[in-house]
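I have placed the structure first, in the form of structure tokens, so that the comments after it can refer back to it.
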Amino acid sequence: MAEINNFIKTIMENDLASGKVDKILTRFPPEPNAYLHIGHARALVTNFELAKLFNGKTNLRFDDTNPTKEDASFVEAIKEDIKWLGYEPANVFFGSDYFDETFEYAIKLIKKGLAYVCDLSPEEIAEYRGSLTEPGRNSPYRDRSVEENLQLFENMRKGMYKEGEKTLRAKIDMASPNINLRDPVLYRIIYTHHHRQGNKYCLYPMYDFAHPLQDAIEGITHSLCSLEYENHRPLYDWVIENCETPHRPQQIEFGRLNLANTILSKRYLKELVEKGKVKGYDDPRMPTLAGLRRRGYTPEAIKDFILATGLSKVNSTVDPEMLEHAIREDLKLKAKRIMAVKDPLKIVITNYPEGQVETLKALNNNENEELGYRTIAFSKYLYIEKEDFVLQKPNKHYKRLALGLEVRLYNAYFIKANDVKYDENGNIEEVYCTYDPETLSGTGFNERKPNGTIGFVEATTAKRATFNLFEPLILDDKVDAENFLERLNPNSWIQMQGFVENQEFKVEDRYQFIRDGYYIVDKDTNNDNLIFNRIVPLKTSYK
RNA sequence: AGGGCCAUAGCCAAGCGGUAAGGCAACGGACUUUGACUCCGUCAUUUCGAUAGUUCGAAUCUAUCUGGCCCUGCCA
């Protein structure tokens with residue numbers, strides 16, 4: 001696996017060396033309101049790998065402070081993705097389990113005169129906040145006494161007010177150039193059933209108040225988050241400072257990861273699913289971890305990809321080629337090479353005895369002999385890929401079959417194409433070839449060079465199979481989120497019916513089909529319905 | 001425009017005052033029972049967004065400028 005090296009690692013090294021911290025404790029804090037996607041994998045892998053590097057630990061913490069957006073089903077999906085990647089959180093916590101403790105800290109702020117109950121409506125709060133260029137004005141409720149605030153806050157907790165009627169606000173600075181510091185709301189009233197707490201609370205802390213406290217309570221040393229929270233760090237620090245938490249975590253921001261030509265935002269992934277443009281969050285075309293898993297990506301490939309792309313203080317848009325490279329690299333030595341024909345063309349070996357089926361020994365992976373051998377069939381009747389035959393060699397770079405040319409059938413013999421038979425529509429129906437028994441693979445035959453090597457399957461023993469090929473959902477270079485639905489690739493899922501050699505296939509086994517790509521046996525596969533999903537095509541370079 | 005952050009090749013990304021790592025992609029070539037893999041080679045020196053300065057020496061320090069991202073939810 002690639003080595004982890006980034007500015008956060010340096011910060012941790014320094015903090016450890018200076019004695020600022022004596023162990024590393026990170027946390028991965030998803031809000032349970034969406035499926036994890038490849039972009040989230042950066043935060044996930046970074047938090048776990050960095051902690052692991054320093055023999056530290058990582059907590060999984062569901063940031064569930066807004067019951068109107070969250071759902072328990074996402075909790076399970078997120079847990080499963082993390083487990084799939086091979087990470088085991090030291091603890092699984094829920095931000096909402098700290099509500100009582102968080103509440104006590106709010107009381108403390110009120111007593112210190114640093115928080116007050118405000119009766120302004122949402123519109124009024126916005127108006128009083130000022131603008132980017134103009135300072136805000138103090139709320140008329142800013143100077144309520146500590147006693148009155150305490151009483152009102154208690155009433156809020158008891159459910160004596162309607163939603164939106166009152167908030168608890170921090171008393172900081174309405175003239176701050178950082179708008180997050182203009183008396184931010186700490187608590188709001190919400191009467192919605194919470195996925196974990198039920199109807200126990202009607203008072204919910206805002207992210208800006210809850211998050212630093214959650215980090216402090218758990219003893220998080222380095223709280224990693226994305227760039228857009230940089231403006232919130234002064235508030236994060238204010239909360240930690242003024243709540244006088246025993247432990248003081250530090251927030252560090254890094255750039256988000258995007259994939260070129262891929263839409264990653266929650267809102268749009270949700271739209272794809274809800275409008276039926278894909279078959280669900282685990283549709284193999286989706287950039288979700290569930291989708292990539294279904295597609296056949298391995299956890300190792302995902303992790304390698306994340307580490308290979310690194311991270312810095314810029315939001316990066318990485319070329320999907322890098323992800324594809326990671327999965328090819330991982331499967332290279334692991335996947336057996338077998339033969340399949342997605343679009344069959346029948347071959348008749350005219351000098352091969354009718355009715356005879358020969359068994360040949362084939363190496364499972366020419367780069368890794370440990371994967372052993374299997375047997376494949378050969379006879380007078382074979383299938384090859386339609387695109388591997390043309391009547392006449394089109395150019396000197398063409399390395400496949402044509403009339404008068406000889407090619408090697410992978411794992412088998414040289415065959416030479418002599419004639420073709422057309423059907424009533426004028427399409428090529430069969431190709432008549434002769435084979436040379438001297439040229440069997442593995443015998444070291446070296447008298448002449450064939451015009452390339454192609455795959456084949458023996459026709460009488462072959463298994464029928466369905467091949468699913470996937471193209472990016474969106475092909476444009478610039479993904480305009482506003483009207484992406486209209487520009488979805490109509491051919492993003494291509495299905496082909498063909499044949500594979502006669503082997504036993506288990507669900508989720510991965511193979512390399514010679515001269516084509518890496519495939520996984522789909523979970524819907526059964527005895528009479530073999531389904532292969534193409535994980536990624538092989539690299540090709542036609543000249 | 002008030003504030004914050006960022007800027008190194010087509011895409012990522014090291015570098016932290018001593019003379020531009022690495023990966024992906026691309027391009028030559030060798031090898032080959034996969035046009036794959038592997039191997040060899042090329043790929044920033046009017047060079048680190050631009051300009052000016054400090055210094056024996058600057059991608060690294062300073063100033064100014066330019067460009068990009070984020071911030072006016074009782075979202076996270």
Side-chain angles (χ1 to χ4, degrees), chain A residues 2-3 5-7 10 29-31 33 63-66 68-70 118 120-122 125-127 129-136 163-169 176-182 184-190 204 206-208 210-211 225-234 253 255-257 260 266 305 307-326 328 332-333 337 339 362-363 365-367 397-400 408-412 439-445 450 452-455 512-517 537-543:
Chain A
E3 217 169 283
N5 180 28
N6 56 50
F7 72 99
T10 307
E31 182 184 19
N33 70 345
D63 210 343
D64 54 352
T65 56
N66 186 349
T68 66
K69 299 199 168 184
E70 296 144 10
C118 183
L120 254 25
S121 70
I125 287 186
E127 188 195 326
R129 186 154 32 224
S131 72
L132 294 178
T133 49
E134 296 158 310
E163 285 189 12
E165 203 175 323
K166 283 182 166 51
T167 57
L168 183 76
R169 295 228 258 161
S176 172
N178 182 344
I179 291 175
N180 293 307
L181 261 21
R182 320 244 259 231
V185 170
L186 264 22
Y187 271 93
R188 76 290 211 188
I189 297 165
I190 301 174
Y204 289 87
M206 297 285 288
Y207 166 89
D208 280 319
H211 206 89
C225 64
S226 47
L227 249 28
E228 66 264 31
Y229 291 103
E230 276 180 321
N231 293 327
H232 295 249
R233 191 176 351 119
E253 309 85 13
R256 282 175 178 269
L257 168 68
K266 273 174 200 172
F305 167 71
L307 297 184
T309 52
L311 90 176
S312 64
K313 293 203 69 167
V314 292
N315 288 320
S316 45
T317 302
V318 175
D319 197 320
E321 283 281 1
M322 276 188 83
L323 220 204
E324 298 185 346
H325 170 79
R328 287 193 196 102
K332 191 165 64 190
L333 299 180
R337 279 95 224 266
M339 294 193 283
L363 188 56
N365 185 323
N366 58 343
E367 296 169 63
H397 301 296
Y398 181 78
K399 293 178 68 176
R400 289 169 275 171
R408 171 179 290 290
L409 292 177
Y410 195 71
N411 290 315
T439 57
L440 180 63
S441 289
T443 57
F445 177 83
T453 302
I454 64 174
Q512 187 203 82
F513 291 169
I514 304 301
R515 300 195 51 246
D516 182 4
L538 252 34
K539 284 180 67 169
T540 51
S541 51
Y542 296 93
K543 289 171 193 165

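Heavy atoms only: backbone and side chains are in, while hydrogens, waters and symmetry mates are out. Chain identifiers are assigned alphabetically (A, B, ...) following the order of the sequence lines, protein sequences preceding nucleic acid strands; residue numbering begins at 1 within each chain.
Between A/R188 and B/rC75 there is a side-chain N or O to OP1 or OP2 distance below 4.0 Å. Close to B/rC74, at under 4.0 Å from its OP1 or OP2, lies a side-chain N or O of A/R129. Phosphate proximity of B/rU32 to A/R408: absent, as no side-chain N or O sits under 4.0 Å from OP1 or OP2. Phosphate contact (OP1/OP2 of B/rU34, side-chain N/O of A/R337, threshold under 4.0 Å): absent.
Applying the 3.5 Å distance criterion, the base of B/rU34 shares a donor-acceptor pair with the side chain of A/Q512. Between the base of B/rU72 and the side chain of A/S131 there is no donor-acceptor pair shorter than 3.5 Å. Checked by distance alone, A/N231 brings a side-chain donor or acceptor within 3.5 Å of a matching partner on the base of B/rG3. At a cut-off of 3.5 angstrom, counting only N and O atoms as typed in the model, there is no donor on one side facing an acceptor on the other between the side-chain of A/R233 and the base of B/rG4.
Using a 4.0 Å heavy-atom distance criterion, A/Y204 is classed as making no nucleic acid contact. At a threshold of 4.0 angstrom between heavy atoms, the contacts of A/L186 with the nucleic acid are absent. Within the nucleic acid shown, A/N411 comes within 4.0 Å of at least one base atom, counting heavy atoms only. Looking at heavy-atom distances under 4.0 Å, A/L227 makes no contact with the nucleic acid at all. A/E324 comes within 4.0 angstrom of no nucleic acid atom, judged by non-hydrogen atoms across all strands. A/H211 comes within contact range of no nucleotide atom at all, as no heavy-atom separation falls under 4.0 Å. At a threshold of 4.0 angstrom between heavy atoms, the contacts of A/K399 include nucleobase atoms, whether or not backbone atoms are also involved. Residue contacts for A/E230: at a heavy-atom cut-off of 4.0 Å it reaches the sugar-phosphate backbone alone, with no base atom in range. Using a 4.0 Å heavy-atom criterion, one finds that A/R182 contacts no nucleic acid atom at all. In this structure, A/N366 reaches the bases: a heavy-atom distance under 4.0 Å links it to at least one base atom across the strands shown. Among the heavy atoms of the strands, none lies under 4.0 Å from A/T68. Within the 4.0 angstrom heavy-atom criterion, no nucleotide atom of any strand lies near A/G136. A/G255 comes within contact range of no nucleotide atom at all, as no heavy-atom separation falls under 4.0 Å.
Spacing between B/rG15 and B/rG22 at atom C1', rounded to whole Å, works out to 12 Å. Comparing the C1' positions of B/rC65 and B/rC12 gives a spacing of 28 Å, expressed to the nearest Å. B/rU38 sits 10 Å from B/rA25 when the P atoms are compared, rounded to a whole Å. Nucleotides B/rA44 and B/rA59 are separated by 12 Å at their C1' atoms, to the nearest Å. When the P atom is used for both B/rG53 and B/rC70, the distance is 36 Å, rounded to whole Å. Using C1' as the reference atom, B/rG23 and B/rG18 are 27 Å apart when rounded to the nearest Å. For B/rA58 and B/rU8, the C1' atoms lie 14 Å apart once the distance is rounded to whole Å. Using P as the reference atom, B/rU62 and B/rC71 are 28 Å apart when rounded to the nearest Å.
Remark: P of B/rA76 and CG of A/D64 are 11 Å apart, rounded to the nearest angstrom. Straight-line distance from the CG atom of A/N180 to the C1' atom of B/rG2: 14 Å, rounded to whole Å. Following rounding to the nearest Å, A/E163 (CD) and B/rG73 (P) show an atom-to-atom distance of 18 Å. The CD atom of A/E228 sits 15 Å away from the P atom of B/rC6 (whole-angstrom rounding). Counting to the nearest Å, the P atom of B/rU33 and the CG atom of A/L363 are 13 Å from each other. One can place CD of A/E127 at 17 Å from P of B/rU72, the figure rounded to the nearest angstrom. Protein atom CG of A/L257 is 20 Å distant from nucleotide atom P of B/rG23, rounded to whole Å. Atom CG in A/L132 sits about 11 Å away from atom P in B/rG3, given to the nearest Å.
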Under-3.5 Å N/O pairs linking protein and nucleotides 9-13 of chain B:
unit_1	atom_1	unit_2	atom_2	d
B/rC11	O3'	A/T317	O	3.1
B/rC11	O2'	A/T317	O	2.9
B/rC11	O2'	A/D319	N	3.3
B/rC12	OP1	A/T317	N	3.3
B/rC12	OP1	A/T317	O	3.4
B/rC12	O5'	A/T317	O	3.3
B/rC12	O2'	A/T309	O	2.6
B/rA13	OP1	A/S312	OG	2.9

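Here the shortest heavy-atom pairing between A/V185 and A/R169 reads CG2-CD, 3.8 Å. The shortest non-hydrogen separation linking A/M339 to A/I514 is CG-CG1, 3.8 Å. Here the closest non-hydrogen pair linking A/A308 and A/A2 is N-CB, 4.4 Å. For the pair A/E70 and A/D63, the tightest heavy-atom approach, listed with the atom from each and the gap, is OE2-O, 3.5 Å.
Counting only heavy atoms from C-beta outward, the side chains of A/N33 and A/N66 never approach each other to under 4.5 Å. In this structure the side chain of A/T65 never reaches within 4.5 angstrom of the side chain of A/M206, judged on heavy atoms. Between A/R256 and A/L227 there is no side-chain heavy-atom pair separated by less than 4.5 Å. Looking only at side-chain heavy atoms (C-beta outward), A/V318 and A/L323 stay at 4.5 Å or farther from each other.
Interatomic distance, A/Y410 OH to A/L363 CG, rounded to the nearest 0.5 Å: 7.0 Å. Atom OH of residue A/Y207 and atom CD of residue A/E31 lie 10.5 Å apart, to the nearest 0.5 angstrom.
An anti orientation is assigned to B/rG35, its glycosidic angle lying beyond 90° of 0.
Ion pairing between A/E367 and A/R337 holds under the 4.0 Å rule for side-chain N and carboxylate O.
When each of B/rU33, B/rG35, B/rA25 is scored by its nearest atom to the side-chain atoms of A/K539, the top-ranked nucleotide is B/rA25.
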For this session: Represent RNA chain B in dot-bracket notation, 5' to 3'. Only Watson-Crick or G-U wobble pairs with both distances under 3.5 Å count; pseudoknot-style crossings use [ ] and interstrand partners use |.
Result: .(((((((.[[[..)..(...]]].(((((.......)))))......[[[[[..)....]]]]])))))).....

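No donor-acceptor pair closer than 3.5 Å links the side chain of A/T167 to the backbone N or O of A/Y187.
Side-chain contact, A/R408 with A/T439: no donor N or O sits under 3.5 Å from an acceptor N or O.
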